[in-house]
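Could you have a look at this structure, given as structure tokens, before my questions?
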Amino acid sequence: MSIIKDFLLQLTFMLIPIFTYYTFITERVEDAKNRKVIMTILWGLSIIACMSFPVVFGQDARLELRVIPLIFGTLYGGFWPGVFLSALIILYRISFGIDIGFYNTVIVLMLSLPLIVYFQKSFASSKQDMRVKIAVCLSFSYCLIGLTFLGILRGFSKEYLTVPIIHLIFATVVTWCFAMLIEAIREVHQLRLEMQKSEKLRVIGELTSVFAHEIRNPMQATRGFLQLLNEPDLPEKKKEYIQISLEELDRANEIINDFLSFGKPSIHDKERISIGYQIQRVVNIIQSYTLNCNVEIKTDIRDNCWIYANPQKLNQSLINILKNAIESMPNGGMVWITCTSTDDGYIKIVIKDQGIGMTKKQIDMLGSPYYSLKESGTGLGMMVSFQIIRSFKGKIQVNSEKGIGTKFIILLPQIT
Ligand code: ADP
Ligand code: MG
């Protein structure tokens, strides 16, 4: 009975950090670095608890699941949390005495940690089921290495290897369960965040459409009266003023139209378009803007790349990104636009500048409504661009380094 109790205790030591982290930390601690530190500490406490209260079999056999906090801490945290947790295991293990078990711990860690760190990179970019598989395989291999070394040190006898074999099976199964649990919780979180974001956008969309209507009516009235004023016997100068006023009103109306259309992403207006042709058009439109800023645009565009999208919206989103790239280089510079197709069926558009760049935090804020660091910025450009790309089932990634430049990578599903 006491063995079962011990087993359940070990499981509780894993559950506590998971629930503490996802209930109290993820949403309250804004800084990603701090979150990582807290997560590492929680896993560290879990390791100490696991090692302090092992499952004891008879005389000398101890079974504990410290491998699981180590693996999760490293996979979700990265290199340094991995090193910290490994060091913690070794240091704490010393307090139990330096014996064969200690050497075994050190050797297994030395062999396993590089393996875990190696897989951590692909883990971070993998899909859910792949993550679970990676965690389970790592847990299995850690225990297998441990078992092998124990066999080498003590001899491969049934007496010595029964417990490690139980440990291997138990650790692997528990890793699988907890990896599934963590992934499920993360998914719920992600969905909640996305819902919050889209709710924000929906509210803004609704507000703007109301405003737009209210502004349009007086504008139409003004336009009508201006046209009435425009009589043939008016002096040339006044005629010109009226013409300019009319043009400006039309421009304002166009902006409102554009903005209204962003609110509701429609499906019907999409068509098969050549991405190269669109990019060339966008570059032509933006060229007048770049001349004043001493910016040169270089393009390298592959032909015959087709996507299914609305050309006006696509142009709008590209122009927003390009304008930001140009504005990020107040003293001029170079903007590169490349377009290629990827092996997994996407068109990849890269827009790269040599501008002021952004910090990690600024990148995270990108696309939030009204987020702008510019004096006369609206903070709507990126929000609109992200929304448009998403409505085409595309993805957008931003890499940036402060003082060096920014790279926008847009992936859009390719059609033939
Ligand atoms: P706005 O351009 O009106 O400020 P955006 O939504 O277009 O609004 O951009 C939001 C903010 O993101 C900008 O104020 C700027 O600080 C930052 N940003 C966007 N693109 C870049 C870039 N290529 N380089 C540096 N900063 C950028
Ligand atoms: Mg902008």
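Order of listing sets the numbers, starting from 1, for every ligand and every atom in it. Keep in mind it's a predicted model, so treat the numbers as computed, not measured.
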- Task: May I ask you to check whether N320 brings an N, O or S atom to under 2.8 Å from the Mg ion (ligand 2)?
- Result: no
Tabulate distances under 3.5 Å between N/O atoms of ligand 1 and N/O atoms of the protein, writing both atom names on each line.
| unit_1 | atom_1 | unit_2 | atom_2 | d |
| --- | --- | --- | --- | --- |
| ligand 1 | 2 (O) | N324 | OD1 | 3.0 |
| ligand 1 | 2 (O) | K374 | NZ | 2.8 |
| ligand 1 | 3 (O) | T378 | N | 2.7 |
| ligand 1 | 3 (O) | T378 | OG1 | 3.4 |
| ligand 1 | 3 (O) | G379 | N | 3.1 |
| ligand 1 | 4 (O) | S372 | OG | 2.5 |
| ligand 1 | 6 (O) | G381 | N | 3.4 |
| ligand 1 | 6 (O) | M382 | N | 2.8 |
| ligand 1 | 7 (O) | N324 | OD1 | 3.1 |
| ligand 1 | 7 (O) | N324 | ND2 | 2.8 |
| ligand 1 | 8 (O) | G379 | N | 3.3 |
| ligand 1 | 14 (O) | S372 | OG | 3.4 |
| ligand 1 | 14 (O) | L373 | N | 2.8 |
| ligand 1 | 23 (N) | D353 | OD2 | 2.9 |
| ligand 1 | 24 (N) | T406 | OG1 | 3.3 |

- Can you see which heavy atom on M51 is nearest to which on I89, and at what distance? CE-O, 3.7 Å
- Y92 backbone acceptor or donor facing S95 side chain under 3.5 Å: yes
- Are the aromatic rings of F19 and F24 close, with centres under 6.0 Å apart? no
- Lys NZ or Arg CZ of R131 over F123 ring: under 6.0 Å, within 45°: yes
- Query: Taking T23 for the side chain and T20 for the main chain, is one N or O donor matched with an acceptor at less than 3.5 Å?
  - Reply: no
- Between the side chains of E64 and Q10, is a donor N or O closer than 3.5 angstrom to an acceptor N or O? no
